[in-house]
Engineer: 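Take a look at the following structure, please.
Computed from a prediction, not measured in an experiment: that's the story for all the values here. Order of appearance sets the numbers: ligands from 1, and atoms from 1 within every ligand.
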Amino acid sequence: MVTAVYPGSFDPATYGHLDVIRRASVSFDQVIVGVLHNSAKSPLFSVEERVNILEKATKSMPNVIVKPFDGLSVNFARQNHAKVIVRGLRAVTDFEYELQMAQTNRVLAPDIDTVFLTTSLEYAYLSSTIMKEVAKFNGDLSKFAPPEIIEAVMLKMYEK
Ligand code: ADP
């Protein structure tokens, strides 16, 4: 049984993240999405809200679970008996940082491998940040995330 963790901020999840999760769920027996409690980034959604959003969006994938976490991804992987960390690669701009992270994680935990899934072309431009920017100016979000996530973004923006 091969378990993979997919760590990230997911503030909030987009179709790009959901595509990586769906594809990872085909290759691995279990995928644990780790939602980083990253206070430094002052996220739009609380960690509980981000977990909630992802749980709803992945409910059709029985081998996917979502958990909050804090600290190092390798520790989160170890705690969950995962041998693989999944990350998504959109463009060369992601590459340098992701390579450095993967190499650091390799030094910290040689028994855990990082696997990169290259993004599906239709989501290559997409990030949570871009989605929030468009939302701020009332743009159409329908290509970025499923309706329940868009609703959560609009509610949150309205609340602010
Ligand atoms: P982080 O703050 O750790 O980068 P993100 O939530 O922004 O967290 O992203 C988590 C992971 O998902 C990263 O590996 C990122 O490269 C990947 N990712 C983000 N958006 C997309 C996308 N549109 N397509 C594929 N992978 C993506």
Engineer: Of the choices Ala91, Ser128, Gly34, Gly16, which has the non-hydrogen atom that lies closest to atom 22 (C) of ligand 1?
Structural biologist: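 Answer by nearest heavy atom: Gly16.
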Engineer: Just need the protein heavy atom nearest to atom 8 (O) of ligand 1, so name the residue and atom and give the distance.
Structural biologist: Ser9 N, 3.0 Å
Engineer: Tell me, which protein residue and heavy-atom name are nearest atom 6 (O) of ligand 1, and how many Å apart are they?
Structural biologist: Phe10 N, 2.8 Å
Engineer: Among Tyr123, Tyr97, Phe95, Tyr6, which one has a heavy atom closest to atom 17 (C) of ligand 1?
Structural biologist: Tyr6
Engineer: For Tyr125, which part has a heavy atom under 4.0 Å from ligand 1: side chain, backbone, both, or neither?
Structural biologist: neither
Engineer: Enumerate the residue pairs fulfilling ring-ring contact (aromatic ring centres under 6.0 Å, His included) with a member in residues 72-92, sequence neighbours excluded, ordered by first and then second residue.
Structural biologist: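 For residues 72-92, and leaving out neighbouring residues, the ring-ring contact (aromatic ring centres under 6.0 Å, His included) pairs sorted by first residue read Phe69-Phe76.
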Engineer: Judging by distance only, is a nitrogen or oxygen of Arg87 under 3.5 angstrom from one on ligand 1?
Structural biologist: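 In this structure, Arg87 places an N or O atom under 3.5 Å from an N or O of ligand 1.
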Engineer: Could you find the nearest protein heavy atom to atom 24 (N) of ligand 1 and give me its residue, atom name and distance?
Structural biologist: Thr119 OG1, 2.9 Å
Engineer: Running the 4.5 Å side-chain criterion over Ile, Leu, Val, Met, Phe, Trp and Tyr, what cluster does Met101 land in, apart from itself?
Structural biologist: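 Via sub-4.5 Å side-chain contacts, Met101 links to Tyr97.
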Engineer: Is there a path from Ile112 to Phe116 through hydrophobic residues (I, L, V, M, F, W, Y) whose side chains come within less than 4.5 Å of each other?
Structural biologist: no
Engineer: Taking the basic N atoms (NZ, or NE/NH1/NH2) and the acidic carboxylate oxygens, is any pair closer than 4.0 Å for Glu148 and Lys56?
Structural biologist: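 A salt bridge is absent here (no side-chain N lies under 4.0 Å from a carboxylate O).
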Engineer: Any idea which protein heavy atom is nearest atom 20 (N) of ligand 1, and the distance to it?
Structural biologist: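 It is Arg90 NH1, 3.3 Å.
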Engineer: For Phe95, does the CZ atom have more than 12 heavy-atom neighbours from other residues, nucleotides or ligands under 6.0 Å away?
Structural biologist: no
Engineer: Report yes or no: does a heavy atom of Phe116 sit under 4.0 Å from some atom of ligand 1?
Structural biologist: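 For ligand 1, residue contact (heavy atoms, under 4.0 Å) with Phe116 is absent.
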Engineer: Assess, by modelled atom type and distance only, whether the side chains of Ser128 and Asp11 contain a donor and an acceptor separated by less than 3.5 Å.
Structural biologist: no
Engineer: Please list, in number order, the atoms of ligand 1 under 4.0 Å from a heavy atom of Val20.
Structural biologist: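 Those qualifying, in numeric order: 25 (C), 26 (N).
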Engineer: Which residue holds the protein heavy atom closest to atom 7 (O) of ligand 1, what is that atom called, and what is the gap in Å?
Structural biologist: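 Answer, as residue, atom name and distance: His17 NE2, 4.1 Å.
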Engineer: Rounded to the nearest 0.5 Å, what separation is found between the CD1 atom of Ile65 and the CD1 atom of Ile32?
Structural biologist: 4.5 Å
Engineer: So with a 6.0 Å cut-off around CD of Glu122, is the heavy-atom count from everything else above 12?
Structural biologist: yes
Engineer: Report yes if some N/O of Leu126 lies less than 3.5 Å from some N/O of ligand 1; otherwise report no.
Structural biologist: yes
Engineer: Is the closest N or O pair between Gly88 and ligand 1 shorter than 3.5 Å?
Structural biologist: yes
